[in-house]
Amino acid sequence: MRSHARRETRSFMKRHPTLQWADVGLRPDPVAAELLRDPDLRLTYNGRGAICRLLAALPEGAGSGVLVPAFHCPTVVEPILRAGKRPHFYAITPQLDIDIADLRSRLNDDIAAVIVINYFGFPAPLDEVRALCGRAGAVLVEDCAHSFLAANPVRPCGERGDAAIFSFKKLVPTIVGGGVRINNLKWPVPAPDCAAPVADTVRNIRRAAGEAVDNSASAPVRMLRALRTGLRGRRHAPPAPEGVVTNAATTFDYPYIERLARSRMPGYARRILAGTSLADVVGRRRANYAALAEVLRDTDNLRSLYRVLPEEVCPWAYPVLLENRPVLDQQLHEAGVPLFTFGETLHPAFERTGAVEQALLDSGRWISARILCFSIHQQLSPAQVREVGATINRVLASTGDDPVARSRT
Ligand SMILES: Cc1ncc(COP(=O)(O)O)c(C=O)c1O
């Protein structure tokens with residue numbers, strides 16, 4: 001995920017939600033409570049740890065290969081290698097659908113598992129994949145890392161495969177936290193038995209507390225913040241305009257740290273998850289998504305991937321394909337549009353395998369070079385998101401990019 005961190009000070013709208021005091025409140029959220037009590041869920045430090053844990057538990061003789069989409073985040077591929085398996089890739093269409101014929105052609109006796117990603121929280125159609133996996137004896141892993149929630153009714157998703165992967169921090173400001181839920185496996189997947197190092201816990205709690213202070217509206221806390229900022233010589237973001245939540249700590253990178261990936265989900269992350277109103281998260285994200293879809297115009301250069309929001313989806317972001325992205329995303333960012341990328345860098349193992357197969361390589365790279373995500377998270381309001389949509393339209397129009405008819409979905 002590209003961070004745009006160096007240019008963060010120009011943008012007042014955060015790209016991702018950050019902690020607010022209310023998130024650590026004492027009123028437990030019923031959906032989160034049910035999730036955290038689920039006996040089939042193994043809570044891990046992060047989603048990559050969950051993938052590794054699941055694959056490492058596969059029985060001997062299951063096969064050494066794991067099929068994974070050509071368009072991915074490197075953190076989906078690295079745990080395959082760490083679990084002692086070999087990643088193989090299948091093609092993804094420009095609409096982000098699974099290329100079923102390609103996937104079918106790659107299934108063989110040595111494939112132990114197939115990972116399917118629900119990109120941005122939109123469920124990939126799984127019926128055919130499930131049937132193929134069933135015939136090939138491969139485990140179907142539904143990667144729900146982008147959104148662990150479904151809407152209408154609000155609930156955890158990930159019921160369609162043999163196992164599901166979660167990464168809570170994408171939707172809720174838990175800082176870290178992931179899990180693997182076992183739906184249908186005949187062998188055990190043990191829960192992690194070690195805690196993250198103390199230094200990591202201290203660092204993350206400090207970061208969480210800093211976010212909560214930055215987001216606080218109370219006068220004494222604001223004074224504390226001013227003092228803190230003063231003491232640091234104002235190294236961080238300038239004060240936000242009234243009513244806008246800011247945070248400088250929005251940089252994400254994706255190293256695979258073995259010690260952390262093997263650890264359980266820390267208590268502070270569980271606490272934040274337990275205290276967050278997940279119905280609120282789902283409702284606000286959906287409202288913001290709809291608001292952006294209403295205002296944003298597709299153009300010759302910009303195409304919305306999912307203009308229609310299915311009623312069961314809790315979206316991570318509003319994804320588009322953008323031609324000439326390196327130039328245009330910079331202009332959008334400078335105009336204050338909260339945005340980020342996903343899958344901009346593909347795993348080196350893909351670049352190596354793909355090099356032998358040009359069509360496969362192209363399938364991953366084509367999307368990787370164009371994808372852009374607009375933020376629609378719960379701490380933005382529909383009014384802000386509409387304003388963002390108008391800004392995007394304006395920036396694209398200023399480059400001579402013409403709107404196209406509304407019929408595309
Ligand atoms: C599809 C997908 N799966 C798994 C992961 C890993 O999640 P985490 O960052 O919690 O390790 C990511 C991370 O972005 C992801 O995009």
Side-chain angles (χ1 to χ4, degrees), residues 1-3 15-17 41-56 66-83 87 89-90 92 96 98 113-124 126 140-149 157-158 161 163-181 192 196 200 204 250-266 269-270 272-273 305 314-317 319 340-347 349-350 364 367-368 371-373 375 377:
M1 199 191 303
R2 187 138 51 98
S3 67
R15 290 163 292 147
H16 301 283
L41 177 65
R42 311 281 177 265
L43 291 167
T44 54
Y45 184 89
N46 49 21
R48 60 205 89 174
I51 298 174
C52 185
R53 183 154 288 275
L54 171 68
L55 298 179
V66 175
L67 273 172
V68 63
F71 176 59
H72 54 257
C73 169
T75 53
V76 186
V77 180
E78 189 59 27
I80 299 174
L81 293 162
R82 303 286 177 141
F89 300 88
Y90 59 88
I92 292 292
L96 244 59
I98 297 168
V114 175
I115 298 180
V116 168
I117 299 177
N118 290 339
Y119 293 108
F120 312 106
F122 290 75
L126 281 194
L140 173 56
V141 183
E142 187 181 5
D143 186 328
C144 306
H146 289 182
S147 175
F148 67 96
L149 291 171
C157 57
I165 299 298
F166 300 126
S167 169
F168 303 113
K169 67 174 185 245
K170 307 276 194 305
L171 297 190
V172 175
T174 52
I175 312 283
V176 296
V180 46
R181 207 195 46 225
D200 181 78
N204 286 342
T250 44
T251 330
F252 291 91
D253 59 5
Y254 287 109
Y256 191 99
I257 301 170
E258 192 74 51
R259 173 73 174 82
L260 295 177
R262 274 191 284 110
S263 301
R264 63 176 87 97
M265 180 162 159
R270 288 209 308 271
I272 295 167
L273 182 60
L305 271 162
C314 171
W316 178 32
F340 55 96
T341 57
F342 158 78
E344 191 181 1
T345 307
L346 301 169
H347 195 279
F350 170 71
I367 307 169
S368 167
I371 201 94
L372 189 66
C373 305
S375 304
H377 63 77

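Any value given below was found using the heavy atoms of this structure, including those in side chains, with hydrogens, waters and symmetry copies removed. Whatever order the structure lists them in is the order used to number ligands and atoms, beginning at 1. What you see is a predicted model, and the numbers here were worked out from it, not measured in a lab. For the single chain, residues carry numbers from 1 onward in sequence order.
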Determine whether a donor-acceptor pair (N or O, by modelled atom type, separation under 3.5 Å) exists between the side chain of [X] and the backbone of [Y].
X    : Y    : result
T341 : L372 : no
S368 : G343 : yes
H72  : A70  : yes
R181 : G158 : yes

**Report entry** Backbone or side-chain N or O of I51 under 3.5 Å from ligand 1 N or O
**Finding:**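 So ligand 1 has no N or O lying under 3.5 Å from an N or O of I51.
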Less than 4.0 Å is my threshold; does some heavy atom of [X] fall inside it relative to ligand 1?
X    : value
Y119 : no
H72  : no
D143 : yes

Query raised in the report: What is the distance from atom CZ of F168 to atom CZ of R270, rounded to the nearest 0.5 Å?
Result: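 Interatomic distance, F168 CZ to R270 CZ, rounded to 0.5 Å: 10.5 Å.
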Report task. Mind checking whether V76 contacts ligand 1 via backbone (N, CA, C, O), side chain (CB onward), both or neither, at a 4.0 Å heavy-atom cut-off? Result ->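 For V76, the contact with ligand 1 is made by the side chain alone.
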List ligand 1 atoms under 4.0 Å from [X], heavy atoms only on the residue side.
X    : answer
H146 : 1 (C), 15 (C), 16 (O)
K169 : 8 (P), 9 (O), 10 (O)
N46  : 10 (O), 11 (O)
K170 : 7 (O), 9 (O), 12 (C), 13 (C), 14 (O)
I117 : 1 (C)
R48  : 6 (C), 7 (O), 8 (P), 9 (O), 11 (O)

Query - Set of residues satisfying side chain to side chain donor-acceptor pair (under 3.5 Å) with respect to N118, sequence neighbours excluded - result: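 With neighbours one apart ignored, the set is E142, R160.
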Report task. Answer with yes or no after comparing the ring centroid distance for F71 and F350 against a 6.0 Å cut-off, counting only values under it. Result ->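 Between F350 and F71, which both carry aromatic rings, the centre distance is not below 6.0 Å.
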Report task. Could you tell me whether the side chain of V68 reaches within less than 4.5 Å of the side chain of F89, counting heavy atoms only? Result ->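 Side-chain contact under 4.5 Å: yes.
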